[in-house]
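For reference, the structure is listed below as structure tokens.
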Amino acid sequence: MKEKDLRRSLSVLPIGTVMKLTSLTARQIRYYEEQGLVSPERNEGNRRMYSLNDIDLILEIKDYISDGMNISKIKNVYEQRKQEAFNSGSRNKLSDQEARRLLSDELLNVGGLNSKDVKGNNSF
DNA sequence: ATTCTCACA
DNA sequence: TGTGAGCA
């Protein structure tokens, strides 16, 4: 059952495809990478190659940004969740899935305290 | 035709 | 972020 997971993680999509699938501009997509939100591979021509997982992640990032959240905050949460998942769960079978799951969880939380305060929970 | 990096309106 | 320049 991990074969699909593997395929899902294969970076074979050029940025052009990602643009169409996410409705984002190349600029934005590259910018997210710059902020450490996505980590596309690079082919021999230095071209960015994205995986389906990347698409998924970018799609979510796009959503959160649409909800009016700062890149830095998303970045922060994502890296934080990623490391926690790495330390507590399986330290080898990374958490592309887990990370994304945790990411959305945290992000919803953080998103709520965006225009309010930090004492309570998410204002959902 | 496509993508890349860099830099500026 | 958009956009254009100059490469690969």
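The sequence lines fix the lettering, A, B, ..., with proteins before strands; numbering per chain opens at 1.
In this structure, CG on A:Leu10 lies 10.5 Å from CG on A:Asp5, to the nearest 0.5 angstrom. Here A:Leu13 contributes atom CG and A:Ile55 contributes atom CD1; the two are 5.0 Å apart, rounded to the nearest 0.5 Å. To the nearest 0.5 angstrom, A:Ile58 atom CD1 is 9.5 Å from A:Leu37 atom CG.
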Side chain to side chain contact (heavy atoms under 4.5 Å, CB included), that's the test. Do A:Leu21 and A:Leu59 meet it? Break it down for me. CA-CA 8 Å; A:Leu21 267 45; A:Leu59 245 17; 5.9 Å; no
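Rounded to a whole Å, the CE atom of A:Met49 is 14 Å from the P atom of B:dT2. Following rounding to the nearest Å, A:Leu24 (CG) and C:dG2 (C1') show an atom-to-atom distance of 14 Å. In this structure, A:Asn43 atom CG and B:dC4 atom C1' are separated by 11 Å, rounded to whole Å. Note: CG (A:Leu13) to C1' (B:dT2) measures 15 Å, nearest angstrom. Atom NZ in A:Lys62 sits about 11 Å away from atom P in C:dT1, given to the nearest Å.
A sub-4.0 Å separation between OP1 or OP2 of C:dT1 and a side-chain N or O of A:Tyr32 is present. Residue A:Thr25 places none of its side-chain N or O atoms closer than 4.0 Å to OP1 or OP2 of C:dT1.
Applying the side-chain hydrogen bond (donor to acceptor under 3.5 Å, both in side chains) test to A:Thr25 and every residue at least two apart in sequence or in another chain returns A:Gln28. For A:Arg30, the salt bridge (charged side-chain N to carboxylate O under 4.0 Å, His left out) criterion is met by no residue, not counting sequence neighbours. For the side-chain contact (heavy atoms from CB on, under 4.5 Å) test, no residue two or more places apart in sequence or in another chain qualifies with A:Asp63.
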Using atom names, set out every protein N or O paired with an N or O of nucleotides 5-9 of chain B below 3.5 Å, distance rounded to 0.1 Å.
from: B:dT5; atom 1: OP1; to: A:Arg42; atom 2: NH1; distance (Å): 3.2
from: B:dT5; atom 1: OP1; to: A:Arg42; atom 2: NH2; distance (Å): 3.0
from: B:dT5; atom 1: OP2; to: A:Arg48; atom 2: NH2; distance (Å): 2.1

Every protein N/O lying under 3.5 Å from an N/O of nucleotides 6-8 of chain C:
from: C:dA8; atom 1: N3; to: A:Arg47; atom 2: NH2; distance (Å): 3.4

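Within residues 15-23 of chain A, the residues having any heavy atom closer than 4.0 Å to DNA chain B are, in order of number, A:Ile15, A:Gly16.
Cluster annotation: A:Met49 is not connected to A:Leu52 through the hydrophobic network of ILVMFWY side chains, with a link wherever side-chain heavy atoms come within less than 4.5 Å.
Of all heavy-atom pairs spanning A:Tyr50 and A:Pro14, the tightest one is CD1-C, 4.4 Å.
A donor-acceptor pair under 3.5 Å links the side-chain atoms of A:Asp54 to the main chain of A:Ser51, judged by distance alone.
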Please convert DNA chain B into dot-bracket. A pair counts if it is Watson-Crick or G-U wobble with both distances under 3.5 Å; crossing pairs go in [ ] and bases paired with another strand get |. .|.|||||.
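Residue pairs satisfying the salt bridge (charged side-chain N to carboxylate O under 4.0 Å, His left out) criterion with at least one member in residues 31-46 of chain A, sequence neighbours excluded, are listed as follows: A:Glu33-A:Arg42, A:Glu33-A:Arg48.
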